[in-house]
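The structure under discussion appears below in the form of structure tokens.
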2 protein chains.
Amino acid sequence: MHDVAKEKTGDIIQSVDVAIDVLLHVAKHPDIRLSDISRNIEETKPRILRMLRTLEQRGLVRKSKMGTYRLGNTAIVLGTAASTQVDLVRIASPILEELGQKTNETAQLRIIDNGESLCIAKFEPMRDLRVQAMIGRRRPLFAGSYKVLLAFLQPQVQMQMIPATLPRFTNSTITNHAKLLQELENVRKNGVCVSYGEVSEQLVSVSVPVLAFDGSVIAAINVAAPAFRTQQSDVNRYTLLLKDAAAKISARLGW
Amino acid sequence: MHDVAKEKTGDIIQSVDVAIDVLLHVAKHPDIRLSDISRNIEETKPRILRMLRTLEQRGLVRKSKMGTYRLGNTAIVLGTAASTQVDLVRIASPILEELGQKTNETAQLRIIDNGESLCIAKFEPMRDLRVQAMIGRRRPLFAGSYKVLLAFLQPQVQMQMIPATLPRFTNSTITNHAKLLQELENVRKNGVCVSYGEVSEQLVSVSVPVLAFDGSVIAAINVAAPAFRTQQSDVNRYTLLLKDAAAKISARLGW
DNA sequence: TTCTGATGTTACGTCAAGCGTAACGTGTCA
DNA sequence: TGACACGTTACGCTTGACGTAACATCAGAA
């Protein structure tokens with residue numbers, strides 16, 4: 001029923017859709033100007049101008065004296081409300097923080113969104129050197145420990161998410177299809193995925209899935225740390241803590 | 001033309017405007033259903049349905065199995081991005097936290113928005129009993145310590161923001177126009193406004209303005225505390241800390 | 001200086017996008 | 001078994017939103 005592909009689903013209001021495009025574009029490129037948006041979205045300038053004026057009037061974006069646009073106050077209000085309304089984030093946040101405190105490393109909550117993994121909550125420890133995480137940042141599903149999200153999908157859906165050619169990020173990146181499928185199989189068995197520098201050199205990342213009762217994957221949580229201070233024993237400890245945290249989140253999501 | 005009071009500025013896209021209405025409505029009323037939105041916004045159900053579908057497809061709202069709507073993941077991402085893009089919030093946040101730590105009471109950052117004061121950042125101390133603050137919450141401009149925002153406006157603009165009759169919240173609320181103007185004069189002189197239960201009984205609130213170089217008011221910061229543990233000496237201390245914090249914010253906003 | 005090619009903006013006539021009406025299917029409470 | 005909510009679909013009509021074109025303004029190049 002759900003068209004995952006780009007089949008244009010009717011019944012959506014195009015002008016609203018474009019307005020959302022504009023809004024998300026401003027979110028991604030602060031201090032962007034009208035012409036650039038117009039170019040990137042591939043819509044006429046008058047159209048984009050009307051969109052921006054509408055968004056501005058409601059405080060979703062703000063125009064500087066220099067004519068550049070940023071997100072506005074209403075967007076802050078919206079986001080704050082959203083954090084309390086999205087069950088997954090509300091429930092996982094304190095658990096993620098506890099996890100981060102115990103490991104003293106960066107922890108993230110990630111979901112599948114539009115064929116990528118999307119960070120929707122994070123914890124960063126108070127120490128000088130740490131892995132940086134950012135809400136809204138997208139990463140591929142087929143590389144690094146986030147492939148745990150892939151591993152727990154039905155094989156059919158899984159295939160659709162894996163591109164024909166696997167781009168290489170580092171020496172450790174898996175670029176062979178058969179090897180990737182083998183790895184996914186292992187991940188599914190072990191319930192954990194560890195990446196040693198598959199996406200970024202010198203970074204170890206450990207992810208486990210957050211599962212619903214029916215076994216479907218809802219999200220992934222992970223701990224990421226610099227390789228130089230991460231022994232095998234740490235990875236093992238992180239794994240246990242992650243599995244514990246994931247179980248807690250699953251339970252509380254129960255409803 | 002049936003524009004009575006608020007001359008609608010042309011050049012805005014109505015369907016986008018209504019969609020924003022819907023979005024903000026969902027933000028304010030989590031788990032609302034189609035019919036209720038339709039009633040409240042006063043638009044037909046098919047229209048709202050089209051709006052919601054468009055918003056849902058982009059992840060701004062999410063529909064539960066029961067047919068109710070909440071904000072979605074995209075809204076979280078948007079809000080997080082906004083927090084880093086709005087200068088005032090980005091700069092004031094750490095200063096607000098420092099202020100809150102020192103006072104061990106709730107601190108807020110508020111701006112004028114649509115004739116009301118709007119909370120766009122906050123700090124709440126870690127103690128059992130504290131004043132609750134909420135980003136997005138609106139309060140009147142003409143009562144409580146937030147009238148500091150009013151006090152630093154040009155008299156002309158000021159008048160437009162003061163309603164003909166001043167509603168009473170508590171026994172201490174100022175409901176007399178002349179008295180209010182007198183109070184605003186005092187506030188402007190002293191650079192601080194203290195409310196002893198003007199809006200909520202048993203609550204003391206101290207606000208100071210955040211000013212631009214030209215003396216125009218950008219925002220207000222305040223500390224709010226239960227009356228029973230707030231001596232005059234505390235109010236004095238808060239005032240000093242607030243003025244210090246406001247000066248810091250002003251300076252860093254300098255550019 | 002003058003030219004050139006950006007920028008944001010306004011105006012307006014055209015056309016289809018998006019509207020409301022009406023009818024549908026479904027569920028829940030009397 | 002009604003009665004009345006709910007969400008949803010279909011479709012023909014109209015008006016809202018579109019793009020074109022022309023405008024004003026600025027910055028750098030010639």
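Note on naming: letters A, B, ... go to the chains in the order of the sequence lines (proteins, then strands), and numbering restarts at 1 for each one. Source: prediction; values computed, not measured.
Taking a cutoff of 4.0 Å between a charged side-chain nitrogen and a carboxylate oxygen, D36(B) and R39(B) qualify as a salt bridge.
D36(A) has its CG atom 13 Å from the P atom of dA6(C), to the nearest Å. Counting to the nearest Å, the C1' atom of dT26(C) and the CE atom of M66(B) are 16 Å from each other. dC19(C) atom P lies 17 Å from atom CD of E42(B), rounded to whole Å. To the nearest angstrom, C1' of dG18(C) lies 8 Å from CZ of R47(B).
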In a table with atom names and distances, give each donor-acceptor pair under 3.5 Å that connects a side chain of residues 70-77 of chain A to protein atoms at least two apart or in another chain.
{"residue": "R70(A)", "atom": "NE", "partner": "D31(A)", "partner atom": "OD1", "Å": "2.9"}
{"residue": "R70(A)", "atom": "NE", "partner": "D31(A)", "partner atom": "OD2", "Å": "3.1"}
{"residue": "R70(A)", "atom": "NH1", "partner": "Q85(B)", "partner atom": "O", "Å": "2.6"}
{"residue": "R70(A)", "atom": "NH1", "partner": "D87(B)", "partner atom": "OD1", "Å": "2.9"}
{"residue": "R70(A)", "atom": "NH2", "partner": "D31(A)", "partner atom": "OD2", "Å": "3.0"}
{"residue": "T74(A)", "atom": "OG1", "partner": "R58(A)", "partner atom": "O", "Å": "2.6"}
{"residue": "T74(A)", "atom": "OG1", "partner": "G59(A)", "partner atom": "O", "Å": "3.3"}

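Every salt bridge (charged side-chain N to carboxylate O under 4.0 Å, His left out) that R188(A) has, sequence neighbours left out, goes to E185(A). Residues satisfying the salt bridge (charged side-chain N to carboxylate O under 4.0 Å, His left out) criterion with E56(B), sequence neighbours excluded, are absent altogether. Taking E97(A) as the reference, nothing meets the salt bridge (charged side-chain N to carboxylate O under 4.0 Å, His left out) condition, with sequence neighbours excluded.
Looking at which nucleotide of DNA chain C each of G67(A) and E43(B) is closest to, the 5′-most match is held by G67(A).
Taking only side-chain atoms of R39(B), from C-beta outward, the nucleotide of dC18(D), dC6(D), dG18(C) with the closest atom is dC6(D). The M51(B) side chain lies nearest to dC19(C) when the options are dC19(C), dG18(C), dG19(D).
Within the structure, ring-ring contact (aromatic ring centres under 6.0 Å, His included) pairs that include any residue of residues 27-60 of chain B comprise H25(B)-H29(B) (at least two apart or interchain).
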Show each protein N/O and nucleotides 8-14 of chain D N/O combination with a separation under 3.5 Å, one pair to a line.
{"residue": "dT8(D)", "atom": "OP1", "partner": "K63(B)", "partner atom": "NZ", "Å": "2.6"}
{"residue": "dT9(D)", "atom": "OP2", "partner": "R53(B)", "partner atom": "NH1", "Å": "3.3"}
{"residue": "dT9(D)", "atom": "OP2", "partner": "R53(B)", "partner atom": "NH2", "Å": "2.6"}

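In terms of phosphate contacts, S15(B) brings no side-chain nitrogen or oxygen within less than 4.0 Å of OP1 or OP2 of dA17(C). The phosphate of dG19(D) has OP1 or OP2 within less than 4.0 Å of a side-chain N or O from T44(A).
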